[in-house]
Amino acid sequence: MVLLKEANTQDAEKEWQFVQRMPEDENGLTNSWHDVSREDFMREALPEMIAFSKGEGLPDGYVPETFFFLWDDQRIVGQFRIRHHLCESLKKGAGHIGYYIAPPFRGQGYGKEGLRLTLKAAAEIVPEEEIYLRVNRDNPASLHVMLYNGGRIVSQDQDKYYVRIANPGKGRYPGREEAEKLLEEAEKCNPGPWGNHSRTAAHCAEKIALYSGMCPEKAYVLGLLHDIGRKFGKRHLGHVSDGYTYMMSLNYPDCARICLTHSFNDMSIGSYVGNFDTTDEETALIRTRLQETAPDDYDRLIQLCDAISGAEGVMDIIDRMSDVKRRYGAYDPQKWDKNLELKKLFEDRMKRDLYEAVEKDCFRP
Ligand SMILES: [Fe+2]
């Protein structure tokens with residue numbers, strides 16, 4: 001049976017044998033671990049591959065990348081890689097997906113099946129509407145694999161074709177312009193400082209994402225719409241369920257999720273700062289959805305941005321939490337500490353000061 005498996009320590013022995021035989025550069029797919037010793041593979045190469053998939057230890061300018069191996073029963077026949085989102089150089093260059101099938105297994109359909117499985121995995125990871133690929137013009141077999149999987153050639157130069165394939169995972173959140181329109185419309189229904197608070201959160205999210213190997217566009221949109229539930233009037237906890245239901249009705253589940261998770265940095269309804277003004281049904285919806293959701297980097301990012309975004313601009317996290325505490329009379333101490341943990345988490349990832357990264361002193365919404 002043919003299946004795609006992420007690089008992992010259980011399969012290390014076979015992965016090493018495969019990777020050390022992969023050429024250093026074939027048709028543009030590079031392998032920095034060609035001829036690697038078993039010891040170096042176990043100590044350096046494999047941990048690096050696993051770290052890259054989590055966005056950790058990336059060299060400057062790199063985006064997170066997941067390494068997969070294509071298995072046929074007990075044998076590895078190929079390697080497939082997904083770069084999680086585009087940056088300027090990937091947009092013009094190698095795109096999202098790269099792959100390699102070992103010579104003895106070529107011409108047997110492994111490329112087609114491997115790319116099909118990789119596109120399925122990419123739908124869960126890649127936020128862009130189209131998957132970008134690039135192939136050498138003197139490699140018709142690989143081009144054929146792409147076209148077979150729904151690819152279309154959008155441009156070419158002297159030695160490459162540039163191919164795009166629709167990403168079925170697209171549309172989980174709106175584009176930037178549509179998100180801005182949604183916020184403007186919502187503000188007309190319920191004007192207030194929350195609009196500019198959301199713009200500040202979007203700005204912060206975009207900047208932090210840029211330095212943390214996350215997708216800046218997705219971060220911006222999620223930040224902009226995290227409080228969109230306020231469209232439906234002045235409610236406290238109610239804005240969470242209103243936002244969730246509204247975004248689900250527009251078929252933007254990634255935004256719906258953030259409407260829910262941004263208020264609960266420990267993922268439990270008990271830590272909410274504000275009034276419980278929801279119906280039993282709404283409370284049950286929030287509680288069950290929170291239980292079902294394991295927080296990811298975007299959940300954590302918007303929780304942090306919410307905690308530093310004021311209507312006038314970026315605020316010091318302590319000042320903002322103290323302000324909320326004054327307004328509501330209390331602030332869950334665990335939630336307080338968790339926000340400081342989030343600040344540290346992203347500062348470590350960015351390798352820079354949070355306020356410097358989000359241009360605290362000069363940004364105005
Ligand atoms: Fe907010």
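Just so you know, ligand 1 is whichever comes first in the structure, and atom 1 is the first atom listed for that ligand. Heavy-atom basis, side chains included; hydrogens, waters and symmetry copies ignored. All figures in this text were calculated on a predicted structure; none of them were measured in a lab.
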Do F68 and F80 have ring centroids that are under 6.0 Å from one another? no
Specify whether H262 and H226 have parallel, tilted or perpendicular ring planes, treating 30° as the upper limit for parallel and 60° as the lower limit for perpendicular. perpendicular
Counting no waters, what protein N/O/S atoms lie under 2.8 Å from the Fe ion (ligand 1)? H197 NE2, H226 NE2, D227 OD2, D306 OD1
Is there a donor in the side chain of D157 and an acceptor in the side chain of Y162, or the other way round, less than 3.5 Å apart? yes
Between the main-chain N or O of H236 and the side-chain N or O of H239, is there a donor-acceptor pair closer than 3.5 Å? yes
Under a 3.5 Å cutoff, is there a donor and acceptor pairing between the side chains of T261 and Y298? no
Contacts of W336 that satisfy ring-ring contact (aromatic ring centres under 6.0 Å, His included) - sequence neighbours left out: Y331
